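Taking it in order: structure first as structure tokens, then the write-up.
Note that these values count all heavy atoms, side chains included, but never hydrogens, waters or copies made by symmetry. A quick note: this is a predicted structure, and the numbers were derived from the prediction, not measured. Naming: A, B, ... by sequence-line order, numbering from 1 per chain.
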Number of protein chains: 2
Amino acid sequence: MEKSPKEPRAFLPLTAAMYQILVALADGERHGYAIMREVDAQTVGVIKLGPATLYTSLKRLLASGLVEENGDRPDPRLDDERRRYYRLSGLGRQVAIAETDRLEALVTAARRKPAFNEASASP
Amino acid sequence: MEKSPKEPRAFLPLTAAMYQILVALADGERHGYAIMREVDAQTVGVIKLGPATLYTSLKRLLASGLVEENGDRPDPRLDDERRRYYRLSGLGRQVAIAETDRLEALVTAARRKPAFNEASASP
DNA sequence: GACACTATATCACAATCCGATAGATCGGAG
DNA sequence: CTCCGATCTATCGGATTGTGATATAGTGTC
């Protein structure tokens with residue numbers, strides 16, 4: 001078996017913003033603005049990922065190697081030339097999976113507690 | 001029926017540390033050191049909740065009304081007098097449930113993506 | 001009388017968030 | 001062509017949060 005050069009668990013826990021970005025990139029390449037809209041749509045506006053958080057987080061994810069940038073700029077005739085496309089790295093995918101596992105276990109544990117199952121009040 | 005003076009969703013997303021503390025308090029009253037040990041046991045050491053994070057987070061949770069302190073100090077003959085006991089407030093419980101719902105939806109969405117299910121095989 | 005554990009607490013620095021803002025480009029209406 | 005809203009990337013600066021180190025103190029134990 002191959003050993004990873006970096007241990008995915010060392011990156012946990014991810015911040016909400018970083019995890020949302022990684023999840024949004026799981027489908028494939030996306031550019032920044034598309035990530036913003038996807039997170040907004042997926043969370044029904046609960047999580048507000050503005051440009052500041054997005055681009056600073058993206059920069060950090062690039063620096064730590066969880067995300068890679070596609071060096072090729074798209075042909076201006078086919079796509080908007082300003083766009084920069086990002087994708088999950090192999091490490092980024094492992095980290096995202098590890099974080100998903102962690103959250104899943106946590107949610108399962110929380111649901112086991114009686115206080116967590118009821119939505120609280122009846123109408 | 002009473003309407004909540006504060007909207008639980010306004011507190012989302014919770015930081016990892018704060019959510020862990022709320023989950024640890026879901027079973028009932030606990031003192032700080034017990035929370036620390038419970039989080040350490042529950043996360044198998046992945047999340048390290050040291051005294052700095054614990055007590056500063058607790059102070060913030062108290063200030064925002066998600067957690068209440070039991071004013072009574074235990075009888076020294078029955079329990080360690082130094083202990084301070086904390087419990088979830090009604091609002092804190094609602095916030096914890098809302099965050100659990102959010103995380104559950106996110107994990108479910110992530111699991112739907114092909115890239116997130118396998119621990120990664122190298123072809 | 002030193003060492004480990006329990007228990008609470010703060011400091012100072014680092015990491016991250018995020019509203020505001022800005023500049024560039026695109027697409028279409030007038 | 002010009003204006004204008006949407007798209008797209010980007011940074012600044014203040015605020016929030018995290019955390020290793022450290023302090024204090026009681027309890028137990030060797």
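The separation between Arg84(A) atom CZ and dT25(C) atom C1' is 16 Å, rounded to whole Å. Between Lys48(A) atom NZ and dT16(D) atom P the separation is 17 Å, expressed in whole Å. When the P atom of dT7(D) is taken as reference, atom CG of Asp40(A) falls 12 Å away, rounded to whole Å. The OH atom of Tyr85(A) sits 11 Å away from the C1' atom of dC8(D) (whole-angstrom rounding). Here dT6(C) presents its P atom at 15 Å from CD of Glu38(B), a figure rounded to the nearest Å. If you take OH of Tyr86(B) and P of dA7(C), they are 13 Å apart, rounded to a whole angstrom. Atom CG in Leu49(B) sits about 10 Å away from atom P in dG20(D), given to the nearest Å. Look at NE2 on His31(A): it is 4 Å from P on dC8(D), rounded to the nearest Å.
The shortest distance between side-chain heavy atoms of Asp40(B) and Leu49(B) does not fall below 4.5 Å. Side-chain contact between Ile21(A) and Val39(A): absent, with no pair of heavy atoms (C-beta onward) separated by less than 4.5 Å.
Across all strands shown, Phe11(B) has no heavy atoms under 4.0 Å from either base or sugar-phosphate atoms. Across all strands, Gly32(B) comes closer than 4.0 Å only to sugar-phosphate atoms, never to a base (heavy-atom distances).
Considering all non-hydrogen atoms of both residues, Ala26(A) and Leu88(A) come closest at CA-CD1, 4.1 Å. Closest approach of Leu25(A) and Tyr86(A) over heavy atoms only: CD2-O, 3.5 Å.
Remark: Tyr55(B), Lys59(B) in residues 53-65 of chain B come within less than 4.0 Å of DNA chain C through at least one heavy atom. Residues of residues 14-30 of chain B having a heavy atom closer than 4.0 Å to DNA chain D, listed by number: Thr15(B), Ala17(B).
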So which protein nitrogen or oxygen atoms get under 3.5 Å of nucleotides 25-29 of chain D's nitrogens or oxygens?
residue : atom : partner  : partner atom : Å
dA25(D) : N3   : Arg82(B) : NH1          : 3.3

Expected rows: protein N/O vs nucleotides 21-23 of chain D N/O, under 3.5 Å:
none

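In terms of modelled atom types and a separation under 3.5 Å, the side chain of Arg93(B) and the main chain of Ala115(A) share a donor-acceptor contact.
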Show which side-chain atoms of residues 100-107 of chain A pair as donor or acceptor with protein atoms under 3.5 Å away, not counting sequence neighbours.
residue   : atom : partner   : partner atom : Å
Thr100(A) : OG1  : Tyr19(A)  : OH           : 2.7
Thr100(A) : OG1  : Ala96(A)  : O            : 2.7
Asp101(A) : OD1  : Arg111(B) : NH2          : 2.7
Arg102(A) : NE   : Glu99(A)  : OE1          : 2.9
Arg102(A) : NH2  : Glu99(A)  : OE2          : 2.9
Glu104(A) : OE1  : Arg111(B) : NH2          : 2.8
Glu104(A) : OE2  : Arg111(B) : NE           : 3.4

Using distance only, find each side-chain donor-acceptor pair of residues 53-61 of chain A under 3.5 Å and give its atom names and separation, not counting sequence neighbours.
residue  : atom : partner  : partner atom : Å
Thr56(A) : OG1  : Ala52(A) : O            : 2.7
Thr56(A) : OG1  : Thr53(A) : O            : 3.3
Ser57(A) : OG   : Thr53(A) : O            : 2.7

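Once rounded to the nearest 0.5 Å, the distance linking CG of Leu12(A) with OG1 of Thr43(B) reads 10.5 Å. If you take CZ on Arg9(B) and CD on Gln94(B), they are separated by 11.5 Å, rounding to the nearest 0.5 Å. If you take CZ on Arg30(A) and CD1 on Ile35(A), they are separated by 8.0 Å, rounding to the nearest 0.5 Å.
Residues passing the salt bridge (charged side-chain N to carboxylate O under 4.0 Å, His left out) test with Arg87(B), sequence neighbours excluded: Glu29(B), Glu68(B). The side-chain contact (heavy atoms from CB on, under 4.5 Å) search around Ala109(B) returns Gln42(A), not counting sequence neighbours.
In terms of phosphate contacts, Arg37(B) brings no side-chain nitrogen or oxygen within less than 4.0 Å of OP1 or OP2 of dC5(C).
The salt bridge (Lys or Arg N to Asp or Glu O under 4.0 Å) pairs that include a residue from residues 17-27 of chain B are Lys113(A)-Asp27(B), where partners are two or more places apart or lie in different chains. Sorted by first then second residue, the ring-ring contact (aromatic ring centres under 6.0 Å, His included) pairs that include residues 28-52 of chain B, not counting sequence neighbours, are His31(B)-Tyr85(B).
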